[in-house]
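Taking it in order: structure first as structure tokens, then the write-up.
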Amino acid sequence: MATGSINVSVENIFPLIKKFLYSDHEIFLRELISNATDATLKLKHLTNIGEAKVEYGNPQIEIKVDKENKKLHIIDQGLGMTAEEVQKYINEVAFSGAEEFLEKYKDSAKDSGIIGHFGLGFYSAFMVADKVEIITKSYKDEPAAHWTCDGSTSYTLDTHDKAERGSEIILHINEEEGEFLEDSKISELLTKYNKFMPIPIKFGTKTETLPKPEDAKEEDPAPTQEVDNIINNPNPAWTKQPADLKDEDYKGFYRELYPMQFEEPLFNIHLNVDYPFNLTGILYFPKLGQDMSIQKDRIQLYQNQVFVTDNVEGIVPEFLTMLRGVIDSPDIPLNVSRSYLQADGAVKKISSYITRKVADKLSSLFKNDREDFEKKWNDIKVVIEYGMLSEDKFFEKADKFALFPTVDDTYFTFEELQEKIKGNQTDKDDKLVILYASNKDEQHAYITAAKDKGYEVLLLDSPIVSHLIQKLETSKENITFARVDGDHIDNLIKKDEETISKLSDEEKEVLKTDLEKVIPTSTYTVQLEAMDSNASPFIITQPEFMRRMKEMQQTGGGGMFGMGNMPEMYNLIVNTNHELISQIKDTKTEKKKERLIKQSLDLARLSQNLLKGEELTDFIKRSFEMIK
């Protein structure tokens, strides 16, 4: 048996770094600006602790496009490098100068804001450039250095006459990546990745209008001047303490994040924790519609103010991905490209913290101003209901603030609802029957019948209500949910006295046989019930279980709640005490009897939106004939 060490040389790995280091070439600019930011913040820290005897001043990072010579320049005024440091940090692939710096100054540099975690970031430049130059002068009293590499493993390192402190990276953009010499493309990337970097970033100039002199005439144009075009906000709202921000500051930052979003958010949640992990951010509750799918990917993930991704699944619980805002954490582990999250313990803790923070905020809003919370309920309920369904810890906390609105716009917590219907709405097993509707217009007749008997009817109309009530039934004791059109109300709720049927058992048998000759029994189960004579003669209901399963199938599709196709099955409840039913029973002519049954069935189907196409056309034609 032989043993040994695998030798991975720079010659072997460098071509792979250039070609495959990042899945998306455009992030080279993010990486280089992150390095420039680190260099500047390092200098700031060293001057603060007295190790660098230089003037920090007001440094900025400048991006220049030289389209004619096919060059892109990234210039900083940071601490720079000596020739020895270039040799160490640039030529030794994967050696991170930022990590070494943080280790050396780990106590004092804790809050320095230094970004770097990756020694490979600089090499992303070779994905878009045939040749890369570094001209750099250290804050130390040493000559400037000039490093050049053409993308091979060979390089040159000379002295340079650069007099100002800092570094300039020059990318000689290759033919295939010419888009990175367009001002519009660079501006787009700077806005996407570097909008909130902690050091001002200059890209070109802009014209600024000045006030007119006092002696200027009205027709005189206002004077202008050219000023640096700073494309970023180095001090975004999430980096500040909540006590230092007003409501207008939060709204202003929302407009900064989403300039094309004209509707203001309902409220915000400021995240700020430094133990056992570091995380800051601001989450906003927008006005949400009923469609859960189109709202996602609006939360931006940053790492020390560097944009990483807007796909935050794994960090933010799935039910909160419909919110908007920013999360910034240096403790979220990323792979080398900072583009994909690695699920680990820290991420799970962050997710749990965000869930708890959101639940606490909602509870506080409910307690402090219930009336306002009720007004906002329809705009936020999808998130809360989805959270109750998918996160057990959130479900427990939501008991304090989750609302159950009635068709009359009255709002109850679950505890209040139980107290309200206790003793009035129970089934034969003495379970509380919670009646609900999902559509006030379509189920109007059923709602009216329930209200006429003094029952409370909830309005639960979100797309996941079937899943939620399933969970509520298993989590709460002695309750059952029933949609008002799931069965006749007299069959759902226990009555003190039973209604006596006008028909004998023999007459019922004959009637049922006559009905089943006309009614398709593959779709409708005929049930004869003795009800109030004023109740409808034919009532179509769908068994609660069948309807819920079908709704879950439609909600889930092929995803989380997906299941097989459910057949269309309905109950047809026939009121044996209605005058029309007696007329059908006593009709002698088979043809007339069939027509009465068919017309009555179609009227019941019409009330449930089940009559469509050719059947609807035939019904209308038959109705006109009967009127004649």
Side-chain angles (χ1 to χ4, degrees), residues 437 441-455 482-493 495-543 546-547 568-628:
D441 293 330
E442 291 180 7
Q443 294 146 23
H444 183 269
Y446 300 91
I447 294 169
T448 302
K451 288 178 63 181
D452 284 347
K453 292 181 179 292
Y455 301 141
R483 207 169 82 173
V484 285
D485 59 346
D487 198 350
H488 189 266
I489 202 74
D490 289 343
N491 294 332
L492 291 170
I493 296 174
K495 304 181 291 294
D496 293 332
E497 294 182 9
E498 293 296 323
T499 306
I500 306 300
S501 176
K502 293 179 180 179
L503 305 183
S504 67
D505 290 344
E506 187 180 345
E507 286 174 320
K508 288 179 187 175
E509 279 296 320
V510 174
L511 175 64
K512 190 168 185 182
T513 302
D514 289 339
L515 291 168
E516 289 179 345
K517 285 178 185 176
V518 181
I519 294 163
T521 54
S522 59
T523 304
Y524 297 95
T525 301
V526 178
Q527 298 176 3
L528 303 184
E529 301 282 354
M531 295 182 282
D532 190 290
S533 60
N534 293 321
S536 298
F538 278 27
I539 300 169
I540 292 175
T541 65
Q542 190 168 28
M546 293 288 290
R547 184 188 48 71
E568 294 286 354
M569 289 293 294
Y570 299 93
N571 294 325
L572 177 64
I573 300 171
V574 179
N575 181 5
T576 59
N577 288 342
H578 196 279
E579 187 180 350
L580 176 61
I581 303 306
S582 296
Q583 186 181 344
I584 291 171
K585 175 182 71 69
D586 296 335
T587 298
K588 304 301 181 190
T589 312
E590 287 296 318
K591 192 172 182 181
K592 183 179 179 183
K593 185 179 286 187
E594 179 183 333
R595 188 174 60 182
L596 283 172
I597 294 171
K598 203 164 189 175
Q599 190 74 3
S600 300
L601 174 64
D602 283 352
L603 281 166
R605 294 173 71 200
L606 188 66
S607 73
Q608 284 282 64
N609 286 324
L610 295 173
L611 202 60
K612 294 171 184 174
E614 186 179 349
E615 290 180 323
L616 178 59
T617 304
D618 290 344
F619 167 76
I620 293 169
K621 186 177 179 181
R622 190 187 330 120
S623 299
F624 281 131
E625 288 296 323
M626 291 180 74
I627 292 170
K628 282 198 298 184

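A 4.5 Å side-chain heavy-atom check between D485 and E442 finds every atom pair outside the cut-off. Between N577 and S501, some side-chain heavy-atom pair lies under the 4.5 Å cut-off. Proximity of P520 to L601: side-chain heavy atoms (C-beta onward) are separated by under 4.5 Å at one or more points. R622 places a side-chain heavy atom less than 4.5 Å from the side chain of D602. Between I519 and I597 the shortest side-chain heavy-atom distance falls below 4.5 Å. The closest side-chain heavy-atom distance from L610 to Y570 is below 4.5 Å. Annotation: side chain of E614 is in contact with side chain of D618 (closest heavy-atom distance under 4.5 Å). K592 is listed as a side-chain neighbour of R595, based on a closest heavy-atom distance under 4.5 Å.
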Working for side chain to side chain contact (heavy atoms under 4.5 Å, CB included), residues L616 and L606: CA-CA 8 Å; L616 178 59; L606 188 66; 4.0 Å; yes

Candidate pair K593 and I584, rule side chain to side chain contact (heavy atoms under 4.5 Å, CB included), full reasoning: CA-CA 6 Å; K593 185 179 286 187; I584 291 171; 4.0 Å; yes

Candidate pair L580 and F538, rule side chain to side chain contact (heavy atoms under 4.5 Å, CB included), full reasoning: CA-CA 10 Å; L580 176 61; F538 278 27; 5.9 Å; no

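With N571 contributing its side chain and I573 its backbone, the two residues share no donor-acceptor pair below 3.5 Å. Distance alone, capped at 3.5 Å, places no donor-acceptor pair between the D514 side chain and the K585 backbone. Looking at Q608, its side chain does come within 3.5 Å of a backbone N or O of I540 through a donor-acceptor pair.
Summarising the geometry of H578 relative to S536, their closest heavy-atom pair is CD2-C, 4.2 Å, with the distance given to 0.1 Å. The minimum heavy-atom distance between R483 and A437, with the atom names listed, is CG-CA, 4.3 Å. Of all the heavy atoms in M531 and V574, the pair that sits closest is CE-C, 4.5 Å. Across all their heavy atoms, V484 and A450 have their closest contact at CG1-CB, 4.4 Å. Residues L596 and S600 come closest through the heavy atom pair O-OG, 2.8 Å.
Rounded to the nearest 0.5 angstrom, I539 CD1 and Q527 CD are separated by 11.0 Å. With rounding to the nearest 0.5 Å, the separation of CD1 in I500 from NZ in K502 is 12.5 Å. In this structure, NE2 in H444 is found 7.5 Å from NZ in K451, a value given to the nearest 0.5 Å. The distance from the CD atom of Q599 to the CD atom of E594 is 12.0 Å, given to the nearest 0.5 Å. Rounding to the nearest 0.5 Å places CG of L611 at 9.0 Å from OG1 of T617.
Under the 3.5 Å distance criterion, with hydrogens and angles disregarded, no donor-acceptor pair is assigned to the side chains of E579 and S533.
For K508, the NZ atom sits in a packed shell: over 12 heavy atoms of surrounding residues, nucleotides or ligands are nearer than 6.0 Å.
A side-chain contact (heavy atoms from CB on, under 4.5 Å) with L515 is found for one member of L528, L572, I581 and no other, namely L528.
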